[in-house]
Amino acid sequence: KMKGVPDGSAKAAFKLAADGSALVELKNDSPDLDPLANYETELAVNLQNGYFARRVYNLNFIAVPKLDGSSWGSVPLMELSGKDHVVRAPEYYSGDSVKLRFGWDEKALHFYAEVDDNVFYQPFDGFNTWRGDCIQFDVDIDGAKPFSESGNLVADIASHRVMEFDFALTPKGPEAYRTLSFSSKDFPVALLPKASVPLKISQDGRKTVYDIAIPWGELGLQKAPKAGDVLGFAAAFNDADNAKQLEPSALGCFTLKMPS
């Protein structure tokens with residue numbers, strides 16, 4: 001059962017041999033599912049012998065297809081817009097929207113975004129780019145492992161291998177800055193050399209376009225993930241309009257520092 005989704009319940013019978021496994025497919029055709037949102041989902045298993053198990057998970061339906069060469073082809077754009085998707089400082093939200101998509105190949109994780117914004121404001125560089133228009137992007141290479149809930153947020157985040165990057169068009173040009181790392185020795189918090197992360201950012205009027213390729217090595221992986229591997233993602237699209245704004249508002253998907 002998916003919380004908050006009309007007709008979000010489904011059930012199916014299955015047979016399971018001793019020491020066996022079974023794939024159970026549950027179909028949901030709700031047109032209201034947002035691929036950039038987590039849904040609290042209850043999974044219940046009832047056995048004929050009377051045993052019962054119940055678990056609650058956060059599920060999302062984001063699509064990250066393998067790309068054919070360097071082309072995005074028919075990879076669909078997903079959209080963030082409106083106050084329902086604002087994750088920071090809603091009092092400063094000015095009506096911006098984002099269209100984005102993800103993909104991957106053997107060399108890198110690819111991320112593309114088109115931001116529609118009434119004012120482009122990014123006077124900062126280096127670590128401070130988060131204070132202006134930019135993207136904060138998190139990747140968790142331990143995405144299949146649930147986050148601990150010990151009450152110690154720092155320890156819970158440290159239990160996963162999470163990287164965070166800020167991507168911004170600064171007065172010095174496009175920048176990629178690593179702002180969070182699970183290994184300060186191997187992947188220090190620092191401005192990344194241009195050759196490390198292929199990054200294209202263009203700005204024209206209301207539209208800012210980001211086309212980013214993060215090599216697997218910059219995420220702590222020696223090669224591309226294989227079938228069945230799970231990565232976690234989170235993104236915030238920060239928006240500031242002037243120097244008087246105390247902090248940027250942000251449209252976002254999932255939770256920074258604890259990606260899904």
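Side-chain atoms of Thr208 and Asp133 form no donor-acceptor pair, as typed in the model, at a separation below 3.5 Å.
Taking both residues in full, the closest heavy atoms of Gln136 and Leu256 are given as O-CD2, 3.8 Å, listed atom of the first, atom of the second, then distance. For Pro225 against Leu221, the heavy-atom pair with the smallest separation is CG-CD1, 4.2 Å. The nearest pair of heavy atoms linking Leu80 to Leu251 is O-CD1, 3.8 Å. Of all the heavy atoms in Thr255 and Ala234, the pair that sits closest is O-CB, 3.4 Å. Residues Gly132 and Ala240 share a closest heavy-atom pair of CA-CB, 4.1 Å. A pairwise comparison of heavy atoms in Phe233 and Phe137 identifies CD2-CZ, 3.8 Å as the closest pair.
If you take CH2 on Trp130 and CG on Asn238, they are separated by 8.0 Å, rounding to the nearest 0.5 Å. Atom OG of Ser97 sits about 11.5 Å away from atom NE2 of His85, to the nearest 0.5 Å.
Looking only at distances, no side-chain donor or acceptor of His110 sits under 3.5 Å from a matching main-chain atom of Asp105. A donor-acceptor pair is defined here as one N or O able to donate and one able to accept, closer than 3.5 Å; no such pair exists between the side chain of Asp117 and the backbone of Asp96. For Lys107 (side chain) and Ala213 (main-chain N/O), no donor-acceptor pair under 3.5 Å exists by modelled atom type.
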- prompt: Hey, mind stepping through Arg54 and Glu42 against salt bridge (charged side-chain N to carboxylate O under 4.0 Å, His left out) and telling me if it holds?
  reply: CA-CA 7 Å; Arg54 176 184 175 274; Glu42 178 186 306; 3.1 Å; yes
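Under the 6.0 Å cut-off for aromatic ring centres, Phe187 and Phe182 qualify, their centroids lying closer than that.
Using a 4.0 Å cut-off between charged nitrogen and carboxylate oxygen, Lys207 and Asp204 do not count as a salt-bridge pair.
A single hydrophobic cluster is not seen to contain both Leu191 and Tyr210; linkage of ILVMFWY side chains at heavy-atom distances under 4.5 Å, directly or through other members, places them apart.
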